[in-house]
Protein chains: 2
Amino acid sequence: MAETIPTPRRGRPRSFDAHEVLQQVQDAFWKGGFEGTSIDDLTGATGLNRPSLYGAFGDKHALYLQALRQYRESTLDAGRQILEDAPTLRTALEDIYRAAIRIYMGDDDGRGCFVSSTAPPEAVHDTSVRRELSAMNDGLDGHFEARIARAQAEGEVCTALPPDEAARIASAVLHSLSVRARAGASKRALHALAQSAVDLLAKAPETGSESGSEPGNSTGG
Amino acid sequence: MAETIPTPRRGRPRSFDAHEVLQQVQDAFWKGGFEGTSIDDLTGATGLNRPSLYGAFGDKHALYLQALRQYRESTLDAGRQILEDAPTLRTALEDIYRAAIRIYMGDDDGRGCFVSSTAPPEAVHDTSVRRELSAMNDGLDGHFEARIARAQAEGEVCTALPPDEAARIASAVLHSLSVRARAGASKRALHALAQSAVDLLAKAPETGSESGSEPGNSTGG
DNA sequence: GCATTTTCATACCCATCGTTACAATATTGG
DNA sequence: CCAATATTGTAACGATGGGTATGAAAATGC
């Protein structure tokens, strides 16, 4: 907080963008997990050599932790935005599950959530990783709870559960979507689970009683 | 099915029970994950030396696969039994979530579900592991669906969702309990999530409207 | 332009990884 | 008791793991 000097950097400047490199590191860990990804894999994914990686980010563990943190922060921010932008709880849940499935399915291979797919094996004996995993869950729970509470405040009679409990169910569905994606489930199956969750957590859109089965396509990326 | 010859074994007999050793192997992988567990860890956990392990089970990958399979089969069998024994859907869900939490919390450290905590990192590039993970999910979904269908057939007006969809939500809660256990969640928090899921998927027990908060203790180990 | 400072590239270090020879040991069948 | 067979224990194999020393290269400040 005391040093916000613009850029009095001396010496040779970096030839890479830290944020972008961290994104590539994240992708590598996403595919291989922490133990299953070697430094060689990381140099291959980033184009940097070992000393550059170590100089900029620290050792492998620190690198993984920073990748986890960046993913968590960006994902939670994006998720909160999606929830807030939706006019109703129903559309909010539909939108966030659709976005999650798009991420979890990757290019076409089911890769799940980066945190909940790669952190658990390390979380048992690694406190800092466990904290990251916990922070991810708490963030999701919190965002869902806030959105559900808002829905109730706005008069949407939505669910039989109090906001905090319904929120944890909503997060649970995300956990399941991630695991199922890794297990090779189809997009169709994931969308079906999401739709079931929406039907369970949010009341029908006011009019009619038609139960939508198609995920629809819009607001594409 | 053709060779059920008692034991015409020649040569020196084994000094260990394969099933028991596989259980110890499972515990080791449970704590360390696949990549994070070395052969030395396995020899330490089992008391066997490397050639014995390789001779009896094959290489590390085969060992992990057999541990996954044994866990899946025993867990699915136990789960089906619990669901079938319960008189109502509500108690069935309560019982199975209580049993799951007991397993997921281990001695006191949150270790989660063996399959869904250790398989995901490997499932991306390992087809056989992915199949195990998928079989676990399919088994859970199937058992839940059968129990919910039975509940409906027996006249329990339970949920707003068809049996197959409600079953996937029920499995999703297990997935979430596993991840949250690894994240360090308390037993209290896990039981709260389970209770919310029960309230959402099964109607109140007929009489009264009291919502139970205590997990209670019975049908112990 | 020259000293200073930081990054980049090549190579190397030691530890540990999974796997396997090889010989000693223990059991079965005769 | 002896040949045959399977398991056990010790030790080693090549490969790869994470991490780092050492200069060359490229920028800044005066």
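Quick note on labels: first sequence line is chain A, next is B, and so on, each numbered from 1. These numbers come from the heavy atoms of this one structure, side chains and all, not from hydrogens, waters or symmetry mates. Computed from a prediction, not measured in an experiment: that's the story for all the values here.
Among the atoms of the strands shown, none is found under 4.0 Å from any heavy atom of Thr43(A).
We find that Asp109(B) and Arg130(A) are not joined by a salt bridge, their nearest charged nitrogen and carboxylate oxygen being 4.0 Å or further apart. By the 4.0 Å N-to-carboxylate-O rule, Glu84(A) lies close enough to Arg80(A) to be salt-bridged with it.
Dashed line: the shortest gap from a side-chain N or O of Ser38(A) to OP1 or OP2 of dG17(D) is under 4.0 Å. Proximity of Ser15(A) to the phosphate of dT7(C): no side-chain N or O atom is located under 4.0 Å from OP1 or OP2.
Counting to the nearest Å, the P atom of dA11(D) and the CG atom of Asp40(B) are 14 Å from each other. Spacing between atom CD of Glu35(B) and atom C1' of dC17(C) amounts to 11 Å, rounded to whole angstrom units. Here dG17(D) presents its P atom at 7 Å from CG of Asp41(A), a figure rounded to the nearest Å.
Closest contact between the side chain of Arg14(B) and the listed nucleotides dT7(C), dG18(D), dT7(D) involves dT7(D).
Interatomic distance, OH of Tyr104(A) versus OG of Ser116(A), reported as 5.5 Å (0.5 Å rounding).
A perpendicular orientation is assigned to the rings of Phe114(B) and Tyr64(B), their planes being inclined by more than 60° (bins at 30° and 60°). The aromatic rings of Tyr97(B) and Phe144(B) sit tilted, their planes meeting at an angle between 30° and 60°.
Contacts between residues 44-63 of chain A and DNA chain C, defined by a heavy-atom separation under 4.0 Å, are made by Asn49(A), Arg50(A), Pro51(A), Ser52(A).
Judged purely by distance below 3.5 Å, without hydrogens or angles, the side chains of Ser38(B) and Asp41(B) pair a donor atom with an acceptor atom.
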